[in-house]
Amino acid sequence: MKPFIYNSLPGRVVFGTGTLKTLAAELEELNCRRAFVLCGAQQASKGAALLAQLGPLAAGLFSEASMHTPVEITDRAMLRVRETKSDCLVALGGGSTIGLGKALALRTDLPQIAVPTTYAGSEATPILGQTELGRKTIQRTLKVLPEVIIYDVALTLTLPPKQAVASGMNAIAHAIEALYTNDINPMIEAIAQLGIAALARALPSIVQNPRNEAARADALYGAWTCGVCLATGRMALHHQLCHILGGSFRLPHAETHAVMLAHAVAYNAQAAPDAMVQIARALGVDNAAQGLYDLAQNIGAPMTLAEIGMREGDLSRAAELAVATPYWNPRPIDKAGALALLSDAYYGRRPATPIGD
Ligand code: NAD
């Protein structure tokens, strides 16, 4: 076995169906009495119901969480946190809501309980992405890592299949990029393959029957394990391009991941052969990039950047941004390579079989 370094992160995970009912007990455990509940506009009624469930333990509700954590929304939420003298943050929703909770925790040091309702995995990471003046910036700090995660499978049953598949591909991307970083360790290698396999198994069943509780549990477990990979591993070209496309071109987060993943993996295939074997094994296929493409297509995920709002004329600018601030990547990034990858994703071309395969 090669030498390795593994950093484990603190955090408590409560997983099951109906686990939201443990929220009051979890607040008590944290010694909190004034919970500030966060959610997005579409989940405002669920936020209000949670406020009612908490009764005297609830201090306020803010239902304006928005994708890519715009700083101006955090500013508004911050005023309400102060006014209500809240002593903790409860984020109920997808990565957007959890991102807002993290941004508030960064400013206040308040403890957080995350209640994820998508598969984005943000709840498991010490990473915060924020958007200001059209640019997304990413930081890692333990200050934003939620103290408690409550995974309640019942809350995910309403996530429409279209969003579930995109979100699931977003989760798989975390595990995949962790597998081809240069600081991989055996723990993350094992967890990443568990996560990829769980989601690849669960997503087709969710598409067939969105209320399949066993598949929803599998997917949520996959979301957590893939989130753990994102938390400790270094992310590479795929995440970089998705951050650029989301932050500077306002493409939807999970859908962008779903479109880009097979192409980023194809770009890195020859530079990261061991990771390709592990990804393919977890997916139960021969070729990692093609297997991801086929999975996305079979579950009805978006397949082209064109259909999720990218303009062809902006591809060159996106490639320039990728080259201007490159992330570490198994295969070096140059403008021509980034542009070719983005163009394949724009048109949704199936990755070619490498010569010699
Ligand atoms: P999201 O949170 O914006 O949710 C997408 C949509 O799904 C919203 O309209 C929401 O109301 C709806 N929704 C969520 N759960 C639902 C449910 N159970 N039933 C019905 N509708 C539901 O999208 P997302 O993809 O989960 O998160 C994207 C954001 O998360 C981005 O800002 C991204 O940058 C961030 N993110 C951060 C990390 C990190 O580690 N920092 C990781 C992944 C994603």
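Along the sequence shown, residues carry numbers from 1. Start at 1 and go down the list; that is how both ligands and their atoms are numbered.
Among the atoms of Q42, some N or O lies under 3.5 angstrom from an N or O of ligand 1. Inclusion of T118 in the set of residues having an N or O under 3.5 Å from an N or O of ligand 1 is warranted. Considering backbone and side-chain N/O of T97, none are found under 3.5 Å from N/O of ligand 1. No N or O atom of T156 sits closer than 3.5 Å to an N or O atom of ligand 1. Residue contacts with ligand 1: P160 is placed with no nitrogen or oxygen under 3.5 Å of a nitrogen or oxygen of the ligand (distance criterion only). Looking at ligand 1, you won't find any N or O of T69 less than 3.5 Å from one of its N or O atoms. For a threshold of 3.5 Å applied to N or O pairs, the pair formed by S167 and ligand 1 contains no separation below that value. Below 3.5 Å of separation, one finds no N or O of M67 facing any N or O of ligand 1. Considering both main-chain and side-chain atoms, G95 comes within under 3.5 Å of ligand 1 through a nitrogen or oxygen pair.
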| task | Take H174 and H239, measure what ring-ring contact (aromatic ring centres under 6.0 Å, His included) needs, and give me the verdict at the end. | result | CA-CA 8 Å; H174 306 330; H239 279 76; 5.1 Å; yes
| query | Can you list the steps and then say if E147 with I113 is a side chain to side chain contact (heavy atoms under 4.5 Å, CB included)? | reply | CA-CA 6 Å; E147 277 69 7; I113 299 184; over 6 Å; no
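For H243, the closest heavy-atom approach to ligand 1 does not fall below 4.0 Å.
In the vicinity of K102, heavy-atom distances shorter than 4.0 Å reach the ligand 1 atoms 39 (C), 40 (O), 41 (N). Listed by number with element, the atoms of ligand 1 under 4.0 Å from a non-hydrogen atom of T117 are 14 (C), 15 (N), 16 (C), 17 (C), 18 (N). Heavy-atom contacts of G94 reach the following atoms of ligand 1: 2 (O), 26 (O) (cutoff under 4.0 Å). Which parts of ligand 1 touch K136 is read off a 4.0 Å heavy-atom cut-off, strictly below it: atoms 33 (C), 34 (O). Near L230, meaning under 4.0 Å from one of its heavy atoms, ligand 1 places the atoms 40 (O), 42 (C). Ligand 1 places these atoms under 4.0 Å from at least one heavy atom of T125: 39 (C), 40 (O), 41 (N). Of all the atoms in ligand 1, the ones that sit under 4.0 Å from a non-hydrogen atom of H68 are 31 (C), 32 (O), 34 (O).
At the top of the distance list for atom 43 (C) of ligand 1, counting protein heavy atoms only, stands A120 O, 3.3 Å. The protein atom (non-hydrogen) at minimum distance from atom 16 (C) of ligand 1 is Q43 NE2, 3.2 Å. Shortest contact from atom 18 (N) of ligand 1 to any protein heavy atom: L155 O, 2.9 Å. Protein heavy atom closest to atom 12 (C) of ligand 1, with residue, atom name and distance, is Q163 NE2, 3.3 Å. Atom 25 (O) of ligand 1 has A254 CB, 3.7 Å as its closest protein atom, hydrogens excluded (heavy atom only). Counting only heavy atoms of the protein, atom 38 (C) of ligand 1 lies nearest to S122 CB, 3.3 Å. With respect to atom 3 (O) of ligand 1, the closest heavy atom belonging to the protein is S96 OG, 2.6 Å. Summary of contacts: the protein heavy atom closest to atom 41 (N) of ligand 1 is I127 O, 2.9 Å.
When all heavy atoms of A258 and A166 are compared, the closest pair comes out as CB-CA, 4.2 Å. For L27 against A35, the heavy-atom pair with the smallest separation is CD1-CB, 4.1 Å.
Atom CZ of R311 has 12 or fewer heavy atoms from other residues, nucleotides or ligands within 6.0 Å. Counting heavy-atom neighbours within 6.0 Å of R107 CZ, excluding the residue itself, gives a total above 12. In this structure, E28 places its CD atom where only 12 or fewer heavy-atom neighbours from other residues, nucleotides or ligands lie under 6.0 Å away. Other residues, nucleotides and ligands contribute at most 12 non-hydrogen atoms within 6.0 Å of the CD atom of Q208.
Neither the backbone nor the side chain of L157 comes within contact range of ligand 1; no heavy atom lies under 4.0 Å. Contact annotation for T158 and ligand 1: heavy atoms of both the backbone and the side chain come within less than 4.0 Å of the ligand.
In this structure, the side chains of H238 and L261 come closer than 4.5 Å at one or more pairs of heavy atoms. By the 4.5 Å heavy-atom criterion applied to side chains, H257 and L251 are not counted as neighbours.
Look at D294 and R350 and you find a salt bridge, because one of the NZ, NE, NH1 or NH2 atoms lies within 4.0 Å of a carboxylate O, short of that distance. Taking 4.0 Å as the cut-off between side-chain N and carboxylate O, R80 and E83 count as a salt-bridged pair.
Ranked by closest heavy atom to atom 44 (C) of ligand 1, the top entry among H253, R216, H239 is H253.
Between T125 and K102, the side chains place a donor N or O and an acceptor N or O closer than 3.5 Å (distance only, hydrogens not considered). Side-chain polar atoms of E213 and T17 form a donor-acceptor pair below 3.5 angstrom.
Note: H243 and Y327 have tilted aromatic rings, judged against thresholds of 30 and 60 degrees for the angle between ring planes.
Under a cutoff of 6.0 Å and an axis angle of 45°, R331 and Y267 form a cation-pi pair.
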